[in-house]
Each structure stands twice: as C-alpha cells, then as structure tokens.
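See structure below.
Because only heavy atoms are used, hydrogens play no part in the values below, and waters and symmetry mates are left out as well, while side chains stay in. First listed ligand is number 1; within each ligand, the first listed atom is number 1.
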Amino acid sequence: MLDADFFRRWMTTAAASVDREADRLTALDSAIGDADHGSNLQRGFRAVTAALEKEAPDTPGAVLTLAGRQLISTVGGASGPLYGTLLRRTGKALGDAAEVGGEQLAEALRAGVDGVMKLGGAAPGDKTMIDALVPAVEALGSGFAAARAAAEEGAVATTPLQARKGRASYLGERSIGHQDPGATSSALLIAALADTAEADGE
Ligand SMILES: [Mg+2]
C-alpha cells in the first residue's frame with residue numbers, strides 16, 4: 001500500500017529529476033516553444049517540495065492536491081494549470097484514504113489525465129504531455145516499470161508528429177522533428193513514480 005510518505009517522496013524525486021533535466025527541457029522548448037519549460041517546472045517543483053515540508057499533509061490525496069496547487073500558482077504559461085490539474089484531479093480521486101493500492105492510483109491518475117485532456121483540449125497524437133501520460137496510465141495496470149517505459153516511448157514518439165495543440169502548433173510543419181517538452185517532462189514525472197516504487201520494493 002502507498003501512504004502519504006510515498007507520495008511525498010514521489011514529488012521530491014520528481015523535483016530532483018526536474019532539477020537535473022531542466023536544461024534539457026528548456027532546450028527542447030527553445031526548439032518549438034518559448035524556452036522556459038525547464039526553468040518554469042524547476043520553480044514549480046521547488047515550491048512543491050517547500051510546501052510539502054512546511055505543511056506535511058497526511059494523506060496521499062492531500063499531498064497531490066497541495067502539490068497541484070503549488071504548480072498552478074508558481075508555474076507560468078500553460079504548463080502550470082495543466083500539471084496542477086493533473087495532480088489535483090488525481091489527488092481528489094484518491095479521496096481521504098490514508099493508504100491506497102496500485103489499482104486505486106491507476107484509476108485516480110486516469111481521472112487526472114482526463115482532467116488535463118478536458119482543460120487543454122488535446123488528444124493522443126497532438127504532440128503534447130498527453131502522448132506520454134495516456135500510455136503510462138494504460139500501462140500502469142502492468143506495473144510501475146511498464147508505466148515508465150510507456151511514458152518514455154510516448155515522449156520519444158512525439159518527435160515525428162506535427163503539433164496540433166499549444167504554442168508549438170503555431171509552427172505548423174516546423175514542429176516536426178522535435179521531441180515535445182511537455183511529453184518529456186510528463187515522462188520524468190512517471191519515471192519518478194516508478195523510481196519511488198522501486199526504492200520501496202513495490
Ligand atoms: Mg514554454
């Protein structure tokens with residue numbers, strides 16, 4: 001079972017990963033966006049880590065809801081509301097249980113991803129974070145490692161696509177040949193989840 005501490009470690013692992021990969025995320029965003037994805041997410045996840053230390057929420061749902069709120073208030077552009085919605089919706093779906101199982105998490109994440117699709121209006125194949133998140137959620141039933149691999153594959157598979165949503169879509173065909181920064185950071189978030197689970201022996 002996964003408790004509040006597990007979810008807190010997922011978020012701090014994600015923050016460390018975003019710190020490590022910030023330059024790469026910004027480089028990807030400079031090719032087809034406005035070159036701020038790495039620094040934006042870095043600021044957001046640092047705020048998440050600080051808030052979790054200060055408030056110490058005691059359920060998985062409360063951890064993700066707090067994290068989502070921080071991302072909405074600190075990350076600029078479209079990414080803040082989208083990532084914030086992902087975590088808040090997932091947190092809301094987990095309710096106030098003190099511990100949740102893998103199946104419950106998969107179901108809650110699906111609700112979170114649905115929320116992101118509704119807010120952003122993106123579908124699979126539009127070259128957005130959805131292209132990493134949807135395969136990850138579908139694979140999560142087969143385990144955390146499967147979800148990580150599916151998210152990474154989904155992110156890589158955005159490279160030949162033409163963007164149909166977000167700032168990159170303004171580039172039209174010129175968006176082809178670049179991996180989507182949002183799908184890339186989404187894959188980092190899922191990899192952080194798998195790393196946390198593996199560190200626990202889940
Ligand atoms: Mg940007």
> Rounded to the nearest 0.5 Å, how far apart are CZ of Arg148 and CD of Glu153?
Replying inline: 12.5 Å

>> Counting C-beta onward and ignoring hydrogens, is there a side-chain heavy-atom pair between Leu109 and Leu105 closer than 4.5 Å?
In response: yes

>> Test your reading of the model: is there a side-chain donor-acceptor pair from Trp10 to the backbone of Ala197, 3.5 Å cut-off?
In response: no

> What's the count of protein N, O or S atoms under 2.8 Å from the Mg ion (ligand 1)?
Replying inline: 3

> Other than Leu171, which residues form its hydrophobic cluster under the rule that side-chain heavy atoms must be closer than 4.5 Å?
Replying inline: Ile32

> Is any NZ, NE, NH1 or NH2 atom of the basic residue among Asp19 and Arg46 found under 4.0 Å from an Asp or Glu carboxylate oxygen of the other?
Replying inline: yes

>> We want to know whether Ser175 and Gln162 form a side-chain donor-acceptor pair, criterion being a heavy-atom distance below 3.5 angstrom.
In response: no

